[in-house]
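Down below is the structure, laid out as structure tokens.
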Amino acid sequence: MTVSDLPSPLDPAGVHAAWLPPEALRAIGSRRTLVHGDGLLVETVHDEVARACARYGGSVLHRAPGGGCTGRPGGRPGARAVGREGEPYDLVLALTTADPLPAVAEAVRAGFGRNRGTGDHAAGAEGYVIDRHDDITVVIADDPAGLLYGLFHLVRLGGRAFGGTRRAEHHRPATPRRILDHWDNVDVHPVMGQVERGYAGGSIFWLDGALRDDLSRVRAYGRLLAACGVNAITVNNVNVHAGEARLLTDRLGEVAAIAGELRPYGIQVHLSVGFASPVTLGGLPTADPLDDDVRKWWAAATERVYEALPDFGGYLVKADSEGQPGPFAYGRTHADGANVLAEALAPFGGIVRWRAFVYNHRQDWRDRSTDRARAACDHFAPLDGLFRDNVILQVKHGPIDFQTREPVSPVIAAMPSTRVAVELQVTQEYTGQQRHVCYLAPMWSEVLGFRPWGPGGRAVADVAAGNTASDTEDGAAGGGLVGVSNVGADRYWTGHPLAQANLYAFGRLAWSPDLEPAAILDEWIDLTFAPVTDGDPERLRDALHAIMDDSWRTYESYTAPLGVGFMVRPGHHYGPDVDGYEYTPWGTYHFADRDGVGVDRTRATGTGFTGQYPRPWSEVYESVERCPDELLLFFHHVPYGHVLRSGSTVIQHIYDSHFAGVERVAEARRRWDGLIGAGVVVAPALHTRVRELLDEQLRSAEEWRDQINAYFFRKSGVPDAHGRRIP
Ligand code: GCW
């Protein structure tokens, strides 16, 4: 076993420590620290430092308000009281509400207020200020969560947190809502298994119908999430089956048990609930949202939830979607449906997240006028302004369904008076299912930075955060950023060890959407491979960047081309099947024939979807000349000989990109293999796991290349300009 295989005290035996191996806290654990303030999360801060000190020889003192020294001897296991009052410190972590502040923290606070020029000393909710003063590193925060995030910022900095001088930095999250949704089932579903679209083993919460006895992994998970900035999870699948429906009522204790593990790390718990619960659980004859008994049922059920869980976050609902019940059954709108739940949650400060993923999954493939891409906007845009304040409309980032390449969903720009959350898929359902390396931060970054109203307008990240264009503009508060979790009971959490980077990047982008994907990857590499002492860390860093930076574009290049989606095997969605969905009711077609390929979504001759965008995009997408190449077949049906903006024809682009994509996968595998031997820098077990997966990725990429190229060669009859072999 090498150093990086050793579990940390918080990591259940044998589970990989991900981005928090003990060594990541070495710089803190070898110094003298004062933790000032109290509250559950401040205790967590103290415990973290104390555990690191126990390992690396530093000391920590915990002082509670009023100046009393509470070293808490005999506290929780692992939390040792070390350090003496009055001794000099290298690090002070102080809560500004705990007066009197240590002098150095007071100095940092005053300096921060002065530098702001407004005299405002507030770090803000979950925010923190980090500074160095008199050779002491200081973190101040106004609330305990801010102090915890400040601590993890120091962990990221490592030794750099303590060297020389540094300018005061103020950090606060872009949005208070940074949520991971789990699609975990309580009972093993006959088709979808324990975790729907899960590629990392079972659920860390449930095993075969029952809550796991040992929830220590849940706590370790909470710690990992806090360290990347996530502050809430939804524990169960949006497809609410019989077992998990009862989490709302008689199985609520299981939710409370999970929440108990996560609370010390500031992670709030949400629940997916079934819209028909008043009928299925309450025995009422109807779930009509305008029915009085139904309203009372939701109010009473919700009250019981808050009795058990005073800090409960709220409900997540998938209604009238892929067979889930919803308000349409009663002739009501989705605003009626969402509002009845919102009304029940409002007295407790809870929210309902209502998914905009509503479309007809039983459409007739012969009907060319119905367009699934249009559905969410058609359903929801007319409801703008009709939702209660505590309703958040949760919108998938693209109009169809988490495909490798989609335009941004027009719903995001179409509902100025509604709180909108943007949903990303961290689990790699359509991006290689955690068998392919596919670092998704570049995709998410593109989505978050997209400006639906054109250059100078707000970005998607602004809409999610609730930033308005000007102080006078009357914009709704944001709904935040949501990711579908890629975590399971697998030893490496995410199946593919490199898929951990996606989870990490989701949290970091939710906290700070402007971060560069490559910089996030550097953070992840530094933390995760911190134990590396027996090799050249720069060699590993270079290799990981080479393998991961462009892996999303690589994946795109050998799978479905130019914005066409769903050329996957129906059902499980892994591997190629060009016509797999072509003659099905799912609304996911490419319309390839002997002359051309793509979906005409123009206003002029197609489904009119381009008209759902504001200008300039409604014009850009409408125009076959101006439409970006990578989305061409999403918006247009064109002949194979159509010349792209790149200068290549559509058919030649298909051939070239598929050959090149496989080459890049082969190169990635060579780079990874090169990390073996002299200067070994990666734990052997991890190396082997990634190596096996890269073998599968290469096999699968070749399969994709050959099927896609053969399909289009046979349809079009156009030979490859370079004479390469197409089967
Ligand atoms: O992408 C699709 C998945 C379904 C999923 C659905 C959704 C949870 O194939 O498995 O159901 O999206 O987002 O609701």
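Read the numbers this way: they start at 1 and go in the same order the structure lists the ligands and their atoms. One is the number of the first residue; the rest follow in order along the sequence.
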Of the choices Glu423, Glu196, Glu322, which has the non-hydrogen atom that lies closest to atom 10 (O) of ligand 1? Glu196

Hey, would you say the Phe450 and Trp617 ring centroids sit under 6.0 Å apart? yes

Name the closest protein heavy atom to atom 8 (C) of ligand 1, giving the residue it belongs to and the distance to 0.1 Å. Asn239 ND2, 3.3 Å

Using a 6.0 Å cut-off, check whether atom CZ of Arg362 has over 12 heavy atoms from anything other than its own residue. no

Are the ring centres of Tyr430 and Phe402 closer than 6.0 Å? no

Atoms of ligand 1 under 4.0 Å from any heavy atom of Tyr430, numbered from 1 in the order shown, are 1 (O), 9 (O)

Between Arg699 and Glu696, does any side-chain N to carboxylate O distance fall below 4.0 Å? yes

Among protein heavy atoms, which sits nearest to atom 9 (O) of ligand 1, and what does the distance come to when rounded to 0.1 Å? Glu429 OE2, 2.6 Å

Is the number of heavy atoms from other residues, nucleotides or ligands within 6.0 Å of CZ (Arg569) greater than 12? yes

for atom 12 (O) of ligand 1, nearest protein heavy atom and its distance come out as Lys396 NZ, 3.0 Å

Go through ligand 1 atom by atom and flag the ones less than 4.0 Å from a non-hydrogen atom of Arg197. 3 (C), 4 (C), 9 (O), 10 (O)

Look only at interatomic distance and state if Arg355 has a nitrogen or oxygen under 3.5 Å from any nitrogen or oxygen of ligand 1. yes

Among all protein heavy atoms, pick out the one at the shortest distance from atom 2 (C) of ligand 1; state its residue, atom name and that distance to 0.1 Å. Asp401 OD2, 3.2 Å

Close-contact set for ligand 1 against Phe357 heavy atoms, below 4.0 Å: 6 (C), 7 (C), 12 (O), 13 (O), 14 (O)

His573: numbered ligand 1 atoms lying under 4.0 Å from its heavy atoms: 9 (O)

Of Gln433, Glu429, Gln428, which meets side-chain hydrogen bond (donor to acceptor under 3.5 Å, both in side chains) against His573? Glu429

Does the ring centre of Phe328 sit less than 6.0 Å away from the ring centre of His334? yes

With a cut-off of 4.0 Å, which atoms of ligand 1 are near a heavy atom of Val238? 8 (C), 14 (O)

How about His436 and Tyr555: are their ring centres within less than 6.0 Å of each other? yes

State if Asn237 counts as touching ligand 1 under the rule of any non-hydrogen atom under 4.0 Å. yes

